[in-house]
Number of protein chains: 2
Amino acid sequence: MSKSRDHSHAASDRRDWARQVEKFCGQRELQLTPLRRQVLDILAGAQAPLGAYAIIEALSREQGKAVAPPTVYRTLDFFLENGFLHKVESRNAYAPCEHLGRRHHGILLICARCGRTDEIESPRVDEMLQETAAKAGFSAQRQMVEVEGLCEACGKAA
Amino acid sequence: MSKSRDHSHAASDRRDWARQVEKFCGQRELQLTPLRRQVLDILAGAQAPLGAYAIIEALSREQGKAVAPPTVYRTLDFFLENGFLHKVESRNAYAPCEHLGRRHHGILLICARCGRTDEIESPRVDEMLQETAAKAGFSAQRQMVEVEGLCEACGKAA
DNA sequence: AAGTGAACCGTTATAACATAACACGTCGGC
DNA sequence: GCCGACGTGTTATGTTATAACGGTTCACTT
Ligand SMILES: [Zn+2]
Ligand SMILES: [Zn+2]
Ligand SMILES: [Zn+2]
Ligand SMILES: [Zn+2]
């Protein structure tokens, strides 16, 4: 079934992500505290990027008591700073980085129908973007590329 | 001084934008009402993309009484739907489209220092993005490309 | 002329997203 | 024992966006 390079978003992928984050934290001496692990699991268990408040709700359910926004935002900051997560700017949501450990600019493919995202990398796009910006006298530092459309599954369904 | 293709963001550019919007509304029988014209002028008078609440404040000042959010958001929707404005997703702000009348995906260059934006077009980037997405089984419909860095002026200053 | 519907705008309230500021506990170095 | 770094809890607030309802105008119909 699975080709060498697929974009299936199976639960196994996300579990993999969680394991890799764990590994990275070990390597870099970052503290993967109980709270962080809990948020990690919530994110790993989601099929699509979650908003901060969705995480707050999930966490509150699990803990049986209300969790306040700063608690979750701090955790998200930790993940973002360490490159474990990308913020989906057009949706105010947070998606696991699918290329952990590689220095990269992600390109996010966002399905308009099912809401799932896929992250791809393209050095060529990155380069061309740099160049194109440079032609306008602009020196690029950071880039955000989000593409909305239909994922493979939803494309077939439609 | 000015080359055939510059990105100066002079006040004249933005005034030009306002005139063109006016023209388009005439051509397509879109109503450029007093409220819309007022918002248009506020946007045209800004040096950098404005947030909705900045527009609300400007409008409230001009009208001498409080203007409520829906009033402005509806106006923004009108401009967005007709392609007069781009939303800067990474900043929750709204920037004049610098390529009115052309069907295009804008690439926004956002200066981290002065906050101004420049919109450029690149069919090559667009194509490559389409292709790259297609390779992942994804059919792209809309794309948001935002690049943060230093504009020409700020680059020289630094 | 009265009736109808679309487009626009005002108004109130609320939802959704995000951060400031301060307090407390733990742990490791000194 | 003291200190500072780090992580978390808590309260309050700031920022961005939309829902829902009402009223006016105007073009079009009957
Ligand atoms: Zn990534
Ligand atoms: Zn889909
Ligand atoms: Zn444009
Ligand atoms: Zn600048």
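Excluded from the calculations below are hydrogen atoms, water molecules and symmetry mates; all remaining heavy atoms, backbone and side chain alike, are included. Each chain gets a letter, A, B and so on, in the order the sequences are listed, and its residues count up from 1. Fair warning: this is a prediction, and the values are worked out from it, not measured in the lab.
In this structure, F79(A) and P96(A) have side chains that are not in contact, with every pair of non-hydrogen atoms separated by 4.5 Å or more. Within the 4.5 Å cutoff, no side-chain heavy atoms of F84(B) are placed close to those of C97(B). Within the 4.5 Å cutoff, no side-chain heavy atoms of L150(A) are placed close to those of F138(B).
Between the axis at the start and the axis at the end of the helix from dA1(C)-dT30(D) to dC30(C)-dG1(D) there is an angle of 10°, using five pairs per end and rounding to 10 degrees.
Within residues 81-97 of chain A, the residues that have a heavy atom under 4.0 Å from DNA chain C are, in order of number, K87(A), N92(A), Y94(A). Contacts between residues 53-62 of chain A and DNA chain C, defined by a heavy-atom separation below 4.0 Å, involve Y53(A), listed by number.
Here H86(A) and H105(A) keep their ring centres 6.0 angstrom or further from each other.
Here the shortest heavy-atom pairing between G45(A) and R14(A) reads O-NH2, 4.0 Å. Scanning both residues, P49(A) and A93(A), for their nearest heavy atoms gives CB-CB, 3.7 Å.
Residue Y73(A) places at least one side-chain N or O closer than 4.0 Å to OP1 or OP2 of dA18(C).
If you check the side chains of Q38(A) and E62(A), you find a donor sitting under 3.5 Å from an acceptor. With no hydrogens or angles considered, a side-chain donor-acceptor pair links S90(B) and E146(B) at under 3.5 Å.
Extent of DNA chain D lying under 4.0 Å from chain A heavy atoms, first and last nucleotide in 5' to 3' order, is dC6(D) to dT11(D).
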Under a 4.0 Å heavy-atom criterion, the protein footprint on nucleotides 5-12 of chain C, written with B, S and -, is --SSBBBB
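The distance from atom CD of Q141(A) to atom CD of Q130(A), rounded to the nearest 0.5 Å, is 9.5 Å. Separating the CD atom in E121(A) from the NE2 atom in H99(A) is a distance of 4.5 Å, to the nearest 0.5 Å.
Note on R91(B) versus E148(B): salt bridge recorded, some NZ/NE/NH1/NH2 to OD/OE distance being below 4.0 Å.
Cluster membership check: V125(A) shares its hydrophobic cluster with I120(A), using side-chain heavy-atom separations under 4.5 Å among Ile, Leu, Val, Met, Phe, Trp and Tyr.
Relative to the six-membered ring of F78(B), R36(B) meets both conditions, a distance below 6.0 Å and an angle of at most 45° to the axis.
With sequence neighbours excluded, the residues that form a salt bridge (Lys or Arg N to Asp or Glu O under 4.0 Å) with D16(B) are R19(B).
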Test log, rule side chain to side chain contact (heavy atoms under 4.5 Å, CB included), inputs V39(B) and I55(B): CA-CA 7 Å; V39(B) 172; I55(B) 297 170; 4.1 Å; yes
